[in-house]
Amino acid sequence: MNVAGTFDVAVIGAGPAGSCAAIAAARAGARVVLLERSAMPRAKVCGCCLAASGVAALDAAGAGEALAGAVPLRAIRVASGTRAMTLARASGVAIGRAELDARLVDFARRAGVEALFETSTRVMHDGSIQLTRGERVSTLRARTVIVADGLQGGALDDVPGFEWRIAAHSMMGFGAVLPATTLECPAGEIHMHVGRDGYIGVVRLPSGELDVAAAVAPAALRRAGTVAACARTLLGFVAHDADAVERARWRGTPQLTRTRARVAAPGILVVGDAAGYIEPFTGEGMSWAIATGLAAGELAARDARAHERWPARCATLVARPKWRCRAIALALRSPLLVRAAMTVGARIPRPFERLAARLEGVALS
């Protein structure tokens, strides 16, 4: 392993939250190491849409270049059954997660962060970090550990008090990247189809490929038998290349809507999805991951009482985005409500565009 010594800040997880935490801590003068269990770049289940607040946060952090070539989003098309409605969208971009994550890691390295990949990590009872790479096991120490290992990370499994609280009736997520010609979806538009058992979104990436992400009731996934079959049902329309849907490398998530019992302890801060997530895939998840990562990184580097201040700071950062996601999720769980809204919105779309803008946290002129 290529890291040695004691660090001011160790960050576990190299997604947007982790890389942004590492960047902020390094720029605040800390010696930082970034630890990731996978090789980079790597694919993730993600809607691949970044909301306006996330774009602004990266710009403010001097990492806006990471979005070079991203596709500006100008509309969202919502369909349910035979009805559909298209609304103007004033903000946000689409970019592949593998590309974004790799760019942010590069920014972190340029800021002086040391990085180690393909290494599993566990925070131990004494605050040290156990590193496992192949058959090699070693220990690393840091004054503060920032945990950003997402919904499926196990870095905190040995530390009491960080148990997950999973919401009743929480949906599961799955996603894939499909060839460009698989489905109709113009660049700059989000296509979302709402069904009885969940919803699925499609967006065209800068590469021309299609990112597909869904949230579905666990029982519906079991009934469908395969993720591809469930995707076909949720899409509600015929793909140009049905075989591509079958061949796709679908990846899943555990139940989505969840929170940690706590997000801090002496020497530990939790950020991004590792601190909690609320469906749906709207771009808010990546945005609050970036915001919490940047804030935690700077706090860890500058404040010896970071663990005391982080719970309130984290709650302040994510309160409004989580409210917006709860409101959207509630609406998407009712196809009848969605269809009724479409009937009205097809005739007078402007009020719905203004509502969508408010839910995105931006203003329409």
Side-chain angles (χ1 to χ4, degrees), residues 3 5-35 53-54 57-58 60-63 104 107-108 111-115 121-131 139-150 153-165 258-277 287-322:
V3 295
T6 300
F7 292 84
D8 298 311
V9 178
V11 182
I12 300 174
S19 288
C20 285
I23 291 167
R27 289 182 175 170
R31 186 188 179 204
V32 184
V33 62
L34 178 63
L35 306 165
S53 57
L58 287 181
L104 290 175
F107 269 93
V113 174
E114 298 182 51
T121 56
R122 294 181 84 88
V123 182
M124 309 308 289
H125 288 277
D126 63 358
S128 65
I129 303 172
Q130 179 181 284
L131 309 179
T139 300
L140 179 148
R141 289 191 173 274
R143 186 183 71 235
T144 302
V145 180
I146 298 178
V147 179
D149 59 350
L156 290 171
D157 286 354
D158 295 326
V159 184
F162 286 94
E163 295 79 14
W164 282 115
R165 295 171 176 167
R258 56 176 62 207
T259 57
R260 291 278 187 185
R262 58 177 174 169
V263 296
I268 300 173
L269 309 180
V270 190
V271 301
D273 292 355
Y277 187 86
S287 294
W288 76 54
I290 290 166
T292 57
L294 291 170
E298 184 174 6
L299 188 65
R302 298 186 185 277
D303 195 333
R305 299 173 60 192
H307 70 281
E308 297 177 11
R309 303 184 190 280
W310 181 240
R313 177 69 175 136
C314 183
T316 299
L317 287 169
V318 303
R320 286 187 178 181
K322 287 190 173 182

query: Is any NZ, NE, NH1 or NH2 atom of the basic residue among Arg141 and Asp126 found under 4.0 Å from an Asp or Glu carboxylate oxygen of the other?
result: yes
- prompt: Between CG of Leu317 and OG of Ser287, what distance do you get to the nearest 0.5 Å?
  reply: 12.0 Å
message: Is the shortest side-chain heavy-atom distance between Ile146 and Val9 below 4.5 Å?
response: yes
message: So, using side-chain contact (heavy atoms from CB on, under 4.5 Å) as the criterion, who are the partners of Ala289 when residues are at least two apart?
response: Ala17
- line: Scanning both residues in full, the closest heavy-atom pair of Ala25 with Ala301 reads O-CB, 3.7 Å
- prompt: Do Asp8 and Thr144 touch side chain to side chain, with heavy atoms closer than 4.5 Å?
  reply: no
Arg313 CZ: over 12 foreign heavy atoms closer than 6.0 Å: no
field: Side-chain heavy atoms of Pro266 within contact of Glu308, under 4.5 Å
entry: no
message: Working to the nearest 0.5 angstrom, can you tell me the gap between Ile290 CD1 and Leu104 CG?
response: 6.5 Å
message: Rounded to the nearest 0.5 Å, what separates atom CG in Asp273 from atom CH2 in Trp288?
response: 7.5 Å
task: Could you tell me the separation between the CZ atom of Arg165 and the CZ atom of Arg258, rounded to the nearest 0.5 Å?
output: 13.5 Å
field: Residues Arg27, Glu298: salt bridge by 4.0 Å N-O rule
entry: no
field: Which atom of Val263 lies closest to which atom of Ala275, heavy atoms considered
entry: CG1-CB, 3.9 Å
task: Kindly indicate whether the side chain of Asp157, heavy atoms from C-beta on, has any atom under 4.5 Å from the side chain of Phe162.
output: no
field: Note, Val32 side chain near Val11 side chain (heavy atom, < 4.5 Å)
entry: yes
- prompt: Any idea which heavy atoms bring Ala300 and Ala306 closest together, and the distance?
  reply: CA-CB, 4.1 Å
message: For Leu58 and Cys20: C-alpha separation, side-chain torsions, deciding distance, then whether side chain to side chain contact (heavy atoms under 4.5 Å, CB included) applies.
response: CA-CA 8 Å; Leu58 287 181; Cys20 285; 3.9 Å; yes
task: Only counting residues at least two apart or in another chain, list the ones meeting side-chain contact (heavy atoms from CB on, under 4.5 Å) with Ala264.
output: Leu269, His307, Trp310, Pro311
task: Starting at CD1 of Ile129, measure out to OG1 of Thr139 and round the result to the nearest 0.5 Å.
output: 9.5 Å
message: Testing the basics here: between Asp303 and Arg305, what is the closest heavy-atom pair and its distance to 0.1 Å?
response: OD1-N, 2.8 Å
Flag, side chain of Ser128 to backbone of Met124, donor-acceptor distance under 3.5 Å: no
- prompt: Measuring from Ile12:CD1 to Thr121:OG1, what's the distance to the nearest 0.5 Å?
  reply: 4.0 Å
message: Would you say that Ser19 contacts Leu34 through its side chain, given a criterion of any heavy-atom pair below 4.5 Å between the two side chains?
response: yes
message: Can you give me the closest heavy-atom contact between Ala26 and Ala111, atom names plus distance?
response: CB-O, 3.6 Å
message: Between Asp149 and Gly13 (side chain of the first, backbone of the second, donor and acceptor by atom type, cut-off under 3.5 Å), is there such a pair?
response: no
field: Lys NZ or Arg CZ of Arg143 over Phe7 ring: under 6.0 Å, within 45°
entry: no
Flag, side chain of Arg122 to backbone of Leu156, donor-acceptor distance under 3.5 Å: no
Any side-chain heavy-atom pair of Val33 and Val113 under 4.5 Å: no
